Every structure is written in structure tokens, then in C-alpha cells.
Amino acid sequence: MAAFASDNYAPAHPAILEAIAAANDGHAVSYGEDRWTARLTELVRHHFGDQAQAYPVFNGTGANVVSLGALLPRWGSAIVTDVAHLHTDENGAPERVAGIKLLPVAAPDGKMVPQSFGEYTINLGDPHRAQPLAVSLTQSTELGTVYSADEVRGLVDTAHAYGMSVHVDGARIANAAAHLGLSLRALTTDLGVDVLSFGGTKNGILLGEAVVVLNPGAVHGIEFIRKMSMQLASKMRYVSAQLAALLDPERDLWLANATAANARATQLRAGVDALADELARDGRVHESGAPLLHVANPTQANVVFATLPRAVADAVRVEHPFYDWRAGSHPDLVESRWMCSWDTTEEDVAAFLTALHKAFG
């Protein structure tokens with residue numbers, strides 16, 4: 001099965017499994033007082049700067065909840081986009097677990113802009129309104145777009161000017177760094193980001209993410225929040241060993257995996273665009289006048305979003321599973337999400353495109 005449903009479908013990279021096996025060596029002190037977690041700290045500082053501190057957790061939702069919980073006081077809220085994973089796919093965890101109200105802003109391309117803050121910053125100091133004291137942006141975004149360094153800098157500077165902290169949900173930050181050709185530090189620490197949820201599961205590891213504190217002065221009680229949020233691993237060496245293998249500069253597996261996934265999405269996008277052009281040249285359009293196959297957003301990371309007939313989508317997903325993102329402009333059109341992973345091959349993409357051609361007839 002060559003699935004295009006999610007990069008969570010992909011197996012763990014062999015080097016990650018080797019790292020877990022190497023960590024399975026006798027007894028080690030629990031809760032992070034082990035040499036693998038110490039090594040992870042060294043590597044995080046190599047990539048993010050001397051002040052950076054890593055707090056391994058189990059999953060991305062946990063990383064986001066712990067990050068915001070440590071950034072915000074009891075009365076603080078966080079500005080997010082209306083498509084943010086925090087807002088749409090974490091089952092209210094920030095509200096339920098951390099008591100943090102999320103304040104969504106419209107983001108047609110997945111990216112917020114400094115002007116987005118205005119509808120909420122007018123409430124600063126008003127005890128009747130939720131206080132926007134943090135901004136959480138996603139890099140790369142849920143729509144596969146990537147913030148440039150200048151765009152992140154603009155958001156950070158504006159947020160800090162209002163006294164707000166900045167969190168980055170970096171479940172796919174490796175894909176963004178690969179697309180931009182920037183280091184992890186250049187995309188976070190050097191731009192003034194306060195806390196990062198660093199993703200590993202979508203980029204080749206078996207299980208685990210890390211909260212990376214870039215500005216220690218911005219967080220409070222993170223060790224306690226991690227524990228009370230049920231994100232403190234007793235046998236932390238197994239999570240730390242995976243993240244350390246991902247970040248080891250001798251291999252830079254984090255970058256190699258992300259680059260491979262991005263390349264396959266670029267290949268897929270080129271094939272989809274070629275098919276869309278072919279359909280248009282043949283005069284084949286939907287009865288509503290809409291194109292039969294259309295990609296709206298730029299493909300900058302490891303995902304392609306395409307609108308097509310539901311019948312075509314259903315025919316292709318029999319062999320190549322994928323998810324639908326949202327309804328199209330007509331009842332029999334749907335926007336589908338095609339996600340590439342570190343292990344997606346050129347042959348996988350070619351087979352998917354062949355199935356797509358066949359389904360259109």
C-alpha cells in the first residue's frame with residue numbers, strides 16, 4: 001500500500017529503530033536523567049542556540065498544550081489560525097487540559113499576518129474579554145504553505161510589541177526549513193520565537209516530539225506542566241534517543257527526510273498540474289463550469305491539495321488511501337489532501353498519477 005493519507009502512516013526510519021535498540025542497554029535513570037536525554041540537550045543547543053532546552057513529550061498535541069501552558073498565565077489566551085491543528089484537530093485539548101481559550105483568525109492560505117491580531121488586541125486590559133497573550137503559528141502550515149523568515153519576523157515583532165509570546169507548532173518545521181534552505185535556528189531562535197513544538201513523528205521517528213524552549217524567560221513551570229499534562233515519560237531515554245538520532249549533525253536525518261518528502265510532493269504537483277492542463281485543453285470541465293482538477297495553494301512542503309470529482313477521488317483511494325480535506329464548491333466535488341512521507345518513492349508517485357489518469361478515463 002502506497003498511502004498518501006498522512007505522513008503519520010509512514011514507518012519509522014531504520015536509523016531511528018537502530019537508535020532505540022542502542023538505547024535498550026541495561027538500566028538507566030528514569031524521567032530524563034539519562035545520557036540519551038543529555039545528548040539530546042547538546043544537539044538541541046547545536047541546532048537552536050546555547051539557551052535552548054528540550055523537553056521530550058509523547059505527541060504533538062501534548063507538545064502544544066505544554067508549550068502554551070508554560071507561556072501563558074491563568075487568564076491568557078492564544079491567537080491561532082482557523083485551520084490550526086490546535087484549533088481543529090486536538091479535540092479541545094488546550095481548553096480542556098490547560099484551560100486556554102483559543103482565538104481563531106481567518107487564514108485562507110493557512111498563514112496569519114500581523115494585521116490578524118487587531119480584532120483581539122483591542123481587548124487587552126479589558127477584564128470582560130479573553131486576554132490575547134500568545135500567538136501560535138504553524139510552520140509549515142496545515143495547507144502546505146510555508147512562512148518566509150521575513151513573515152515570521154513580522155509576526156514575532158508585532159506580537160512582542162503587544163506583550164504577547166510566540167509559539168510555533170513545528171510538527172513539520174523540518175519541511176519548512178528544507179523548502180527555505182534555512183537552518184532550524186535561522187527559522188526560529190534568530191527570529192525571536194519563544195517556544196517551539198518540534199515534530200519528529202511525521203518525519204521518521206516512531207513516537208515522540210519535543211517542546212524546545214528558545215527563550216527561557218518566556219516560560220514558567222514547564223517541568224510541572226509537562227508532568228500534570230501526562231507528557232512526562234518515565235523511560236525517557238527511548239524518546240530522547242530517537243530525537244537525538246534525527247538531529248545528529250553527522251547525518252542530519254531531520255533534513256534528509258523532509259527534503260525527500262518535499263521532493264515527492266513537488267513531483268506529484270507537477271503531474272497533477274500536467275493532467276489538469278490536459279483536461280482543460282480537451283474541454284473537460286465540471287457541469288458547474290469549474291475545472292475538473294484544480295490545485296489552489298502553492299506546494300511548498302510535503303502535501304498537495306486538489307479539488308476533483310468525488311467519484312474520481314473514491315476510485316483512486318481504493319489503491320492509494322488519502323483523506324478528503326473539505327467539500328468542494330459543488331456537492332460532487334471534493335478537496336482532497338495528498339501527503340508525501342520520508343519514504344514515498346518516485347515510483348509511488350508515478351503509480352498514484354497513473355491511477356488518477358485512469359480514474360478520469
Side-chain angles (χ1 to χ4, degrees), residues 1-10 81-83 85 88-89 106-111 138 140-146 172 175-176 178-179 202 258-361:
M1 178 182 69
F4 289 80
S6 172
D7 34 14
N8 286 324
Y9 275 39
T81 70
D82 57 357
V83 294
H85 200 271
T88 63
D89 287 287
D109 63 352
K111 297 192 288 186
T138 310
S140 56
T141 76
E142 288 79 3
L143 298 184
T145 51
V146 171
R172 298 185 179 93
N175 301 91
H179 171 73
K202 292 178 171 62
T259 299
N262 288 4
R264 297 290 70 77
T266 298
Q267 176 192 353
L268 177 58
R269 173 62 184 268
V272 171
D273 284 345
L275 176 56
D277 289 343
E278 178 184 325
L279 293 169
R281 284 194 306 270
D282 292 344
R284 298 179 61 185
V285 297
H286 186 262
E287 63 183 40
S288 65
L292 273 184
L293 180 61
H294 176 66
V295 179
N297 298 322
T299 300
Q300 297 176 326
N302 61 322
V303 63
V304 176
F305 289 87
T307 300
L308 69 167
R310 288 182 183 274
V312 172
D314 290 342
V316 175
R317 81 172 97 240
V318 171
E319 296 180 36
H320 306 281
F322 58 83
Y323 294 120
D324 294 332
W325 180 254
R326 56 190 169 193
S329 58
H330 189 276
D332 63 358
L333 292 176
V334 65
E335 184 177 17
S336 297
R337 186 186 78 166
W338 301 330
M339 184 74 69
C340 296
S341 308
W342 70 267
D343 68 332
T344 304
T345 65
E346 293 183 18
E347 293 75 19
D348 291 336
V349 173
F352 183 92
L353 290 170
T354 296
L356 191 61
H357 275 265
K358 180 180 178 182
F360 271 108

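Please read these numbers as outputs of a predicted model, since none were measured by experiment.
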Practice prompt. Give, for atom NE2 of His357 and atom CD of Glu278, the distance between the pair rounded to the nearest 0.5 Å.
Written response: 6.0 Å
Worksheet entry | Separation of Leu143 CG from Gln300 CD (nearest 0.5 Å) | 11.0 Å
Item to complete: Start with the C-alpha distance between Arg264 and Thr344, add both sets of side-chain angles, then the distance that settles side-chain hydrogen bond (donor to acceptor under 3.5 Å, both in side chains), and finish with yes or no.
Response: CA-CA 7 Å; Arg264 297 290 70 77; Thr344 304; over 6 Å; no
Worksheet item: In Å and rounded to the nearest 0.5 Å, what is the OG1 to NE2 distance from Thr307 to His286?
Response: 11.0 Å
Worksheet entry | Minimum heavy-atom distance His330-Ser288, with the two atoms named | CD2-CB, 4.2 Å
Worksheet item: Short question: side chain of Arg337, backbone of Ala5 - any donor-acceptor pair under 3.5 Å?
Response: yes
Worksheet, complete the sentence: When every non-hydrogen atom of Leu292 is compared with those of Pro309, the smallest separation belongs to O-CD, 3.1 Å
Fill in: Pairwise side-chain contact, Asp7 with Arg172, heavy-atom cut-off 4.5 Å (strictly under)
yes
Worksheet item: Which residue pairs satisfy the ring-ring contact (aromatic ring centres under 6.0 Å, His included) criterion with at least one member in residues 297-321, sequence neighbours excluded?
Response: Phe305-Trp325, His320-Phe352
Discussion item. Can you confirm whether Asn8 sits close enough to Lys202 that some side-chain heavy atom of one is under 4.5 Å from a side-chain heavy atom of the other?
Written reply: yes
Item to complete: Would you check if Ser336 and Leu308 make a side-chain contact, meaning some heavy-atom pair closer than 4.5 Å?
Response: yes
Item to complete: For residues Val316 and Ala359, report the shortest heavy-atom separation together with the two atoms involved.
Response: CG2-CB, 3.7 Å
Worksheet item: With sequence neighbours excluded, what pairs up with Asp277 under the salt bridge (charged side-chain N to carboxylate O under 4.0 Å, His left out) test?
Response: none
Worksheet item: Taking only residues at least two apart or on different chains, which pairs with a member in residues 350-361 satisfy salt bridge (charged side-chain N to carboxylate O under 4.0 Å, His left out)?
Response: none
Discussion item. Can you tell me how far apart CZ (Arg284) and CZ (Phe360) are? Round to the nearest 0.5 Å.
Written reply: 7.5 Å
Worksheet item: How far apart are the closest heavy atoms of Ala10 and Asp343, and which atoms are they?
Response: CB-OD1, 3.6 Å
Worksheet item: Which heavy atom in Ala261 sits nearest to a heavy atom in Cys340, and how many Å separate them?
Response: O-CB, 3.6 Å
Practice prompt. Test Thr141 against Val83 for side-chain contact (heavy atoms from CB on, under 4.5 Å), laying out the working first.
Written response: CA-CA 9 Å; Thr141 76; Val83 294; over 6 Å; no
Item to complete: Kindly indicate whether the side chain of Val272, heavy atoms from C-beta on, has any atom under 4.5 Å from the side chain of Leu293.
Response: yes
Worksheet item: So, Thr345 and Asp348: side-chain donor and acceptor under 3.5 Å apart, yes or no?
Response: yes
Worksheet item: Would you say Asp324 and Arg317 make side-chain contact, with heavy atoms under 4.5 Å?
Response: yes
Worksheet entry | Asn302 vs Met339 side-chain heavy atoms within contact, under 4.5 Å | yes
Fill in: Sub-4.5 Å side-chain heavy-atom contact between His85 and Thr138
no
Worksheet entry | Thr145 OG1 to His179 NE2 distance, which is reported to the nearest 0.5 Å | 9.5 Å
Worksheet entry | Heavy-atom closest pair, residues Asp82 and Ala107 | OD1-N, 3.3 Å
